[in-house]
Chemist: 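Here you go, one structure.
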Amino acid sequence: MASPFLSNTTISFSSSLSSSSLPRIAPSIPFSSIRSNSTPRRILTVRSKIREIFMPALSSTMTEGKIVSWVKSEGDVLSKGESVVVVESDKADMDVETFYDGILAAIVVGEGETAPVGAAIGILAETEDEIAEAKAKAASKSGASTPSAPPPAPAPAASAAPSSLPPPVPGSTVVPFTTMQAAVSKNMVESLSVPTFRVGYPVTTDALDALYEKVKPKGVTMTALLAKAAAMALAQHPLVNSSCKDGKSFTYNSNINIAVAVAINGGLITPVLQDADKLDLYLLSQKWKELVEKARAKQLQPQEYNSGTFTLSNLGMFGVDRFDAILPPGQGAIMAVGASKPTVVADADGFFSVKNKMLVNVTADHRIIYGADLAAFLQTFSKIVENPESLTL
């Protein structure tokens, strides 16, 4: 992680006189006497001893952070590498460490408050002698960050621009977004700019259900089975694993990274199973368990949630039979998986039987993926699920 502190600033000045810069002198005056009286080389070093602790950028999409808690208090002596503060980004809570020894002289942004990336959240002094100066600097920072009250608007402007928001319902409570909820909201609005289409496909799951009962005691989840099946299908249809970010070109992603939506307290996050097509089922399941634990503890690292190339959202465990998913920005497709339910089906000879079927709906970016591309991918996915022996190889 990049250091949240300013680097130590050293300014060096030097001055000297060389023989070429000396004035012309008479030959009768010894040159050695002039040199002995010349100005000696001087070096002046100015060292900054008070440093600002900045709000770090913990992800590529983070514009502001919220202080969850200060691990250290004002006056505490800090050692390089110690955790100082816990910051909530748009995806996770992360410890911020100090890269310098010193004293936490003042806290500028308190617990529960937010600050933009790069803003000062605390002041670090090198010695006790600088604490008073550091506190004064913190006070100036706090004063500068407190917005002054705007001047009252003229009565013709107030009447001409009525609020477009409906009045609050009596007895209602307004709850501001958390940092994560604000990020989800921003992404969802951004996704509206992408032209998408949706394709539903029924998949028979009897064989997959039987395999699941066999491998479940070994720690394999249905989510891992579906992620593995999707990854194997994407390996045969790389276009569905591609992405378009500028509206002018698309990128074939060399890795198949399956992001899986997980609901956590106060938000939604998508931990990523990287290279899901290359990992065996049992290792994939273990990796997924670790990612879920880290997600719920808000300890995921950026590469563990922002590197997805295809997203899987499974609500089948809640009994949902079908739903549509919103395409995440920067990805080509997302698959919504419903519950597997007994369904009456007829074979080619007209005989009826009952089979378990689930409906998957895929939302795709129509700028790069067309109907035939998605249909071919879903056919391959269905064949893998209906004949799942390859999932355990």
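Since we're looking at a predicted model, the values are computed, not measured. Just so you know, these numbers use all the heavy atoms, side chains as well, and skip hydrogens, waters and symmetry mates.
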Chemist: For Lys294, run the side-chain hydrogen bond (donor to acceptor under 3.5 Å, both in side chains) check against Glu304, Gln301, Gln299 and tell me which one passes.
Modeler: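 Single pass found, and it is Glu304.
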Chemist: To the closest 0.5 Å, what do you measure between OG1 (Thr98) and CG (Asp76)?
Modeler: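 The distance works out to 12.0 Å.
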Chemist: Let's go through Ser185 and Phe177 carefully: what are the C-alpha distance in whole Å and the side-chain angles of both, what is the deciding distance for side chain to side chain contact (heavy atoms under 4.5 Å, CB included) to 0.1 Å, and is it a yes or a no?
Modeler: CA-CA 9 Å; Ser185 175; Phe177 278 165; 3.7 Å; yes
Chemist: For the pair Thr221 (side chain) and Ala224 (backbone), establish whether a donor and an acceptor sit closer than 3.5 Å, ignoring hydrogens and angles.
Modeler: yes
Chemist: Do the two ring centres, one from Phe377 and one from Tyr201, sit under 6.0 Å apart?
Modeler: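 Not under 6.0 Å, so no.
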Chemist: Compare all side-chain heavy atoms of Asn255 with those of Gln274 and state whether any distance is below 4.5 angstrom.
Modeler: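 Not touching, per the 4.5 Å side-chain cut-off.
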Chemist: Do you know which two heavy atoms are closest between Leu273 and Ala227, and how far apart they sit?
Modeler: CD1-CB, 3.9 Å
Chemist: Rounded at 0.5 Å granularity, tell me how far CD1 in Ile369 sits from CG in Leu239.
Modeler: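 If we round to the nearest 0.5 Å, Ile369:CD1 and Leu239:CG are 5.5 Å apart.
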Chemist: Ignoring hydrogens, what is the shortest heavy-atom contact between Gln331 and Ala259? Give both atom names and the distance.
Modeler: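 It is NE2-CB, 4.4 Å.
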Chemist: Sub-3.5 Å donor-acceptor pair from the side chain of Ser340 to the main-chain atoms of Met358, do we have one?
Modeler: no
Chemist: Between Thr196 and Arg198, is any pair of side-chain heavy atoms under 4.5 Å apart?
Modeler: yes
Chemist: Is there a path of hydrophobic side-chain contacts, each under 4.5 Å between heavy atoms of I/L/V/M/F/W/Y residues, joining Leu312 to Met232?
Modeler: yes
Chemist: Taking the side chain as every heavy atom from C-beta outward, state whether Asn187 and Pro328 have any pair of such atoms under 4.5 Å apart.
Modeler: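 Contact flag for Asn187/Pro328 side chains = no.
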Chemist: Is the shortest heavy-atom distance from the side chain of Ser353 to the side chain of Val345 under 4.5 Å?
Modeler: yes
Chemist: So, do Leu374 and Val362 sit near enough that their side-chain heavy atoms are less than 4.5 Å apart?
Modeler: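 Sidechains of Val362 and Leu374: in contact.
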Chemist: Among side-chain atoms of Glu386 and Ser382, is any donor-acceptor pair under 3.5 angstrom?
Modeler: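 Side chains of Glu386 and Ser382: pair found under 3.5 Å.
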Chemist: Among all residues two or more places apart in sequence or in another chain, which pass the salt bridge (Lys or Arg N to Asp or Glu O under 4.0 Å) test with Lys245?
Modeler: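 Once residues adjacent in sequence are excluded, Lys245 has no partner under the salt bridge (Lys or Arg N to Asp or Glu O under 4.0 Å) criterion.
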Chemist: Taking C-beta and beyond as the side chain, do Tyr282 and Leu284 meet within less than 4.5 Å on heavy atoms?
Modeler: no
Chemist: Which class fits the ring pair Tyr370 and His366: parallel under 30°, tilted 30 to 60°, perpendicular over 60°?
Modeler: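 Geometry flag for His366 against Tyr370: tilted rings.
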Chemist: Any idea which heavy atoms bring Ser191 and Pro329 closest together, and the distance?
Modeler: N-CG, 4.5 Å
Chemist: For a side-chain hydrogen bond (donor to acceptor under 3.5 Å, both in side chains) with Thr309, tell me which candidate from Thr251, Asn257, Asn241 qualifies.
Modeler: Asn241
Chemist: Do Tyr305 and Val68 land in one hydrophobic cluster if side-chain heavy atoms of ILVMFWY residues count as linked below 4.5 Å?
Modeler: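 Different clusters: Tyr305 never reaches Val68 through Ile, Leu, Val, Met, Phe, Trp or Tyr contacts under 4.5 Å.
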Chemist: Quick one: do Ser313 and Phe323 satisfy side chain to side chain contact (heavy atoms under 4.5 Å, CB included)? Show the steps, please.
Modeler: CA-CA 10 Å; Ser313 182; Phe323 68 102; 3.7 Å; yes
Chemist: Rounded to the nearest 0.5 Å, how far does CZ of Phe352 lie from CG of Asp347?
Modeler: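 Here the rounded value is 9.0 Å.
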Chemist: Would you sort out whether Asn314 and Leu226 count as a side chain to side chain contact (heavy atoms under 4.5 Å, CB included), showing the intermediate values?
Modeler: CA-CA 9 Å; Asn314 180 16; Leu226 294 171; 3.8 Å; yes
Chemist: Take Leu225 and Leu211, measure what side chain to side chain contact (heavy atoms under 4.5 Å, CB included) needs, and give me the verdict at the end.
Modeler: CA-CA 9 Å; Leu225 284 167; Leu211 175 63; 4.0 Å; yes
Chemist: For Arg367, which residues count as a salt bridge (Lys or Arg N to Asp or Glu O under 4.0 Å) partner, sequence neighbours excluded?
Modeler: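 Scan of Arg367 (salt bridge (Lys or Arg N to Asp or Glu O under 4.0 Å), adjacent residues dropped) gives Asp365.
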Chemist: Nearest 0.5 Å, please: how far is NE2 in His237 from CG in Leu378?
Modeler: 9.0 Å
Chemist: Provide the full list of side-chain hydrogen bond (donor to acceptor under 3.5 Å, both in side chains) pairs with a residue in residues 284-293, sequence neighbours left out, each pair given once.
Modeler: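 The answer is Gln286-Glu290.
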Chemist: For Lys357, enumerate each residue passing the salt bridge (Lys or Arg N to Asp or Glu O under 4.0 Å) test, keeping only those at least two apart in sequence or located in another chain.
Modeler: none
Chemist: Tell me the closest heavy-atom pair linking Ile368 and Ser242, and the distance in Å.
Modeler: CD1-OG, 3.6 Å
Chemist: If you group Ile, Leu, Val, Met, Phe, Trp and Tyr by side-chain heavy-atom gaps below 4.5 Å, do Leu359 and Ile384 land in one group?
Modeler: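 Each belongs to a different hydrophobic cluster.
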Chemist: Identify, with sequence neighbours excluded, every residue that meets salt bridge (Lys or Arg N to Asp or Glu O under 4.0 Å) alongside Glu74.
Modeler: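 Salt bridge (Lys or Arg N to Asp or Glu O under 4.0 Å) list for Glu74, sorted by chain: Lys135.
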Chemist: Can you see which heavy atom on Pro271 is nearest to which on Ile269, and at what distance?
Modeler: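 Result for this residue pair: CD-O, 3.4 Å.
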Chemist: Out of curiosity, Lys137 NZ to Arg51 CZ, how far, rounded to the nearest 0.5 Å?
Modeler: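 Reported value, rounded in 0.5 Å steps: 10.5 Å.
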Chemist: So which of Leu234, Thr270, Thr223, Thr311 actually passes side-chain contact (heavy atoms from CB on, under 4.5 Å) with Ile258?
Modeler: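 Passing option: Leu234.
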Chemist: Do Phe197 and Leu192 sit in one hydrophobic cluster, given that two such residues count as connected whenever their side-chain heavy atoms are within less than 4.5 Å of each other, even indirectly?
Modeler: no
Chemist: Could you go through residues 102-124 and list every donor-acceptor pair under 3.5 Å that involves a side-chain atom there, pairing it with any protein atom two or more places apart or in another chain?
Modeler:
unit_1	atom_1	unit_2	atom_2	d
Glu111	OE2	Trp70	N	3.0
Glu113	OE1	Gly110	N	2.9

Chemist: Do Lys341 and Asn356 have side chains that approach each other closer than 4.5 Å (heavy atoms only, starting at C-beta)?
Modeler: no
Chemist: Is there a path of hydrophobic side-chain contacts, each under 4.5 Å between heavy atoms, that joins Leu391 and Ile256?
Modeler: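 Same cluster.
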Chemist: Considering only heavy atoms from C-beta outward, does the side chain of Leu393 approach that of Ser390 to under 4.5 Å?
Modeler: yes
Chemist: Let me confirm one number: the NZ-NZ distance from Lys228 to Lys278, rounded to the nearest 0.5 Å.
Modeler: 11.0 Å
Chemist: Could you report the tightest heavy-atom contact between Ser69 and Val85, atom names first, then the distance?
Modeler: O-CG2, 3.3 Å
